[in-house]
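Working notes for the structure below.
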2 protein chains.
Amino acid sequence: MGRNMRSPTLNDVARLAGVSYATADRVVNHRGNVADKSVRKVLTAVEQLGYVRNVAAANLSRSRTYRLAFLMPGGSNPFFERMHAHLEKAASHLKHSQVSINIVIVDAFAVEALEQAIEVVAGADYDGIAIVGLGNDRLVAPLNALRDRGTRIVSLVSDLPDSCREHYVGINNLKAGRSAARLMGMAHAGGPGRALVAVGSLDAPDHADRLQGFRTVLEEDFPEIEIASVIEMRDQSALMHRMMMEAWSTTEGVSAVYNVGAGNEGLIDALRIMDRPRRFCSIVHDLIPPTRRALEDGTLDAAIDQRPEIEINRALTLLRAIVDDLPPPPMPELIPAIFVRDNLPDETV
Amino acid sequence: MGRNMRSPTLNDVARLAGVSYATADRVVNHRGNVADKSVRKVLTAVEQLGYVRNVAAANLSRSRTYRLAFLMPGGSNPFFERMHAHLEKAASHLKHSQVSINIVIVDAFAVEALEQAIEVVAGADYDGIAIVGLGNDRLVAPLNALRDRGTRIVSLVSDLPDSCREHYVGINNLKAGRSAARLMGMAHAGGPGRALVAVGSLDAPDHADRLQGFRTVLEEDFPEIEIASVIEMRDQSALMHRMMMEAWSTTEGVSAVYNVGAGNEGLIDALRIMDRPRRFCSIVHDLIPPTRRALEDGTLDAAIDQRPEIEINRALTLLRAIVDDLPPPPMPELIPAIFVRDNLPDETV
DNA sequence: GGCAATTTGATTTACGTCGATCAAGTCAGT
DNA sequence: ACTGACTTGATCGACGTAAATCAAATTGCC
């Protein structure tokens, strides 16, 4: 523990290894054409000194810029709008750290569109990309091609096939669904109940996971709560409104509602009209302006949220780290956040 | 939006301003001895080009090292143990970004000890420090002295007097207490209830805030739930156990328990012994091994957590940013996390 | 108009790395 | 011992900034 612990430089390594700077450089930068004996000497010296290359100096030297792209759904989805907004903010902040970020809009749920987008970015020589993924095998080939051209890949919100990305930035949707069920169970205080469940698409792995988690916990721990019906709609707010009203009028004794996917606006409007009993529990996903307002006025009891801003930040730190060939900084697991009326963030979300 | 938008250098600024590099440097680095006219010309050019100095190059040039210190309670508190553990991890990761971190252990709740510690670090010429604060005016003078010596200050977990720090990294404890009440209310499903509340010290502003938030929500939204008694103990686990058993046997119809502070081990042991009714709600703060186990086996219903690892990470990014005189990156508000049995992180916490 | 003080320009070194180049060295096989 | 292939050493010029020096130019003041 010396006083002025200057970190060792590559020069120090070369000197200790008894080789020239050039040779040490050849080793650490994998330039090849080095005798095994020298490689060993250099690696030993690296180990011994605890040398890590000074990334700032390295990037300065090669005037490195981080060229990143984010492939994600756009348009009318308020969740992704929130994500975009934060990404823009982060991008303008990082502009002065030589990071440039392109946002590539992709149609939601559409494998072909995503496949196509991947091929487009493959031509643009990005250093790293973040993809809101789909668990479809058609993506494996183009993604591997991308990787072979030197582009690093992380998946965001929804995972890709394991082999295609270096990290997944998102929550465990099984846990999210389980948590919803737990809250709903708590809200029934041991009493019986009937729940209406709405889901965007059961093809989407995240929705399927949530529903499965939800089911499991109800069965295991709250058998007196029954799932009256699972309504599938492709995140359509208007459809949600209609079907919810219908289910409400045709189903007896509904005590709870859980929306696995999007389309919360329609659900909330329906809830406001419905003549709910005093003990009624409604749980949705994603904190967006309508759900926030509904939490505040008591129409909703809880919203499970992924904290998309945090996910964006993580994706960015991760991408920068892996582009630099550095181990990612220690970060605790992303947790499905449970929002109630009282722990909402101050900023208008 | 040109193709290869190289960021402008100080040389570009100087050229545009019609002065020499040396003069531009004098302006941006506040070295003085520059005519007002030149200052204005340079600043205009900076604005016009959107120049921001290349921090990597700057730090390389002056071989900058970030000397940071964390002043926080140590010893037997499992919450701070968790915090320490993560800080060590982060420190060893950042060692190779020229960041050195010293942890200074301070007695919890002790103003004199904190005051003394601040004076000690004042002699060590740190670039920045993070302090688990106390809202005491005795700290104002030494903290200002510190700041005048060029040390940047952020408060962590518990705030300092406003004027003494540049940022506060921590949750809003009012929201935390309110959330606890909301969950407890939900768990009573409109029925009546009596709650036992335990608190570490009402002098600690965070505990006081939590209790006040808790009270407010119960009064406003769940008037049928009554606070049977508020037991104050200085986070003593054994005392907690004893007093909880006593309160339990002397109070009729207790339906819920809320622990505002530490000492959860004692509470959990008591809960396990107590013959609780089927619908019973227990809520605590801080996810630590005992509370995690208690959530898993159903002894506890919810734990409100600050995510200390995230707080550490934020404090570190913030400190680095302000030491570099840069605006901090956009980060969403820290939210009291609600943990139930089902959204616990995988890692053993 | 002249002296001193202030302001400016020009230039240099250093920071640690990358990506080159070029000459010199080693070694195997013939 | 000679060729050709591989291996090494030495060195150089970026990258953008900090920090310093010294000489030159511009000011203010009487």
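In this text, all values refer to a predicted model and were calculated from it rather than measured experimentally. Chain naming here is simple, since letters A, B, ... match the order of the sequence lines and numbering starts at 1 in each.
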(message) Please tell me if A/S20 has a side-chain N or O lying less than 4.0 Å from either OP1 or OP2 of D/dG9.
(response) yes

(message) Regarding A/Y168 and A/D162, do their side chains bring together a donor and an acceptor under 3.5 Å, going by distance alone?
(response) no

(request) State whether the side chain of A/S158 and the backbone N or O of A/G133 hold a donor-acceptor pair below 3.5 Å, judged by distance alone. (result) yes

(request) Return the residues of residues 39-54 of chain A meeting this criterion: a heavy atom under 4.0 Å from some atom of DNA chain C. Order them by number, or give none. (result) A/Y51, A/R53, A/N54

(request) Please answer whether the main-chain N or O of A/T9 pairs with a side-chain N or O of A/D12 as donor and acceptor at a distance below 3.5 Å. (result) yes

(request) Taking only heavy atoms on the protein side, list every residue of residues 9-17 of chain B lying under 4.0 Å from any atom of DNA chain D, sorted numerically. (result) B/T9, B/L10

(request) Keeping the roles fixed (side chain from B/D127, backbone from B/R67), state whether a donor-acceptor pair exists under 3.5 Å. (result) yes

(message) Main chain of A/D346, side chain of B/E333: is a donor-acceptor contact present, judged purely on distance under 3.5 Å?
(response) yes

(request) Provide, to the nearest angstrom, the distance between the CG atom belonging to B/D324 and the P atom belonging to D/dT17. (result) 14 Å

(request) Give the rounded distance in Å between these two atoms: NZ of B/K37 and C1' of C/dT7. (result) 10 Å

(request) Could you check whether A/V19 gets within reach of a base, just the sugar-phosphate, or nothing at all, counting any heavy atom under 4.0 Å? (result) sugar-phosphate

(message) Just the rounded figure in Å: distance from P of C/dC18 to CG of B/L60.
(response) 12 Å

(request) Quickly work out the A/R64 CZ to D/dG16 P distance and round it to whole Å. (result) 15 Å

Contact list (N/O, under 3.5 angstrom) for nucleotides 19-26 of chain D vs protein:
none

(request) State whether A/S61 places a side-chain N or O below 4.0 Å from either non-bridging phosphate oxygen (OP1 or OP2) of C/dG19. (result) no

(request) Could you tell me whether the side chains of A/H96 and B/N54 share a donor-acceptor contact shorter than 3.5 Å? (result) no

(message) Closer than 3.5 angstrom, by distance alone: can the side chain of A/R26 be matched with the main-chain N or O of A/R31 as a donor-acceptor pair?
(response) no

(message) Treating B/H84 as the side-chain partner and B/P73 as the backbone partner, does any N or O pair qualify as donor plus acceptor under 3.5 Å?
(response) yes

(message) Tell me whether B/N136 contacts the main-chain N or O of B/R138 through its side chain, where contact means a donor paired with an acceptor under 3.5 Å.
(response) yes

(message) Has B/T44 got a side-chain atom pairing as donor or acceptor with B/R40's backbone, closer than 3.5 angstrom?
(response) yes

(request) Using whole Å, report how far CG of B/N59 lies from C1' of D/dC15. (result) 15 Å

(request) Figure out the CG/P separation between B/D36 and D/dG28, and round it to whole Å. (result) 12 Å

(request) Verify, without hydrogens or angle tests, whether A/R149 (side chain) and A/A122 (backbone) share a donor-acceptor contact under 3.5 angstrom. (result) yes

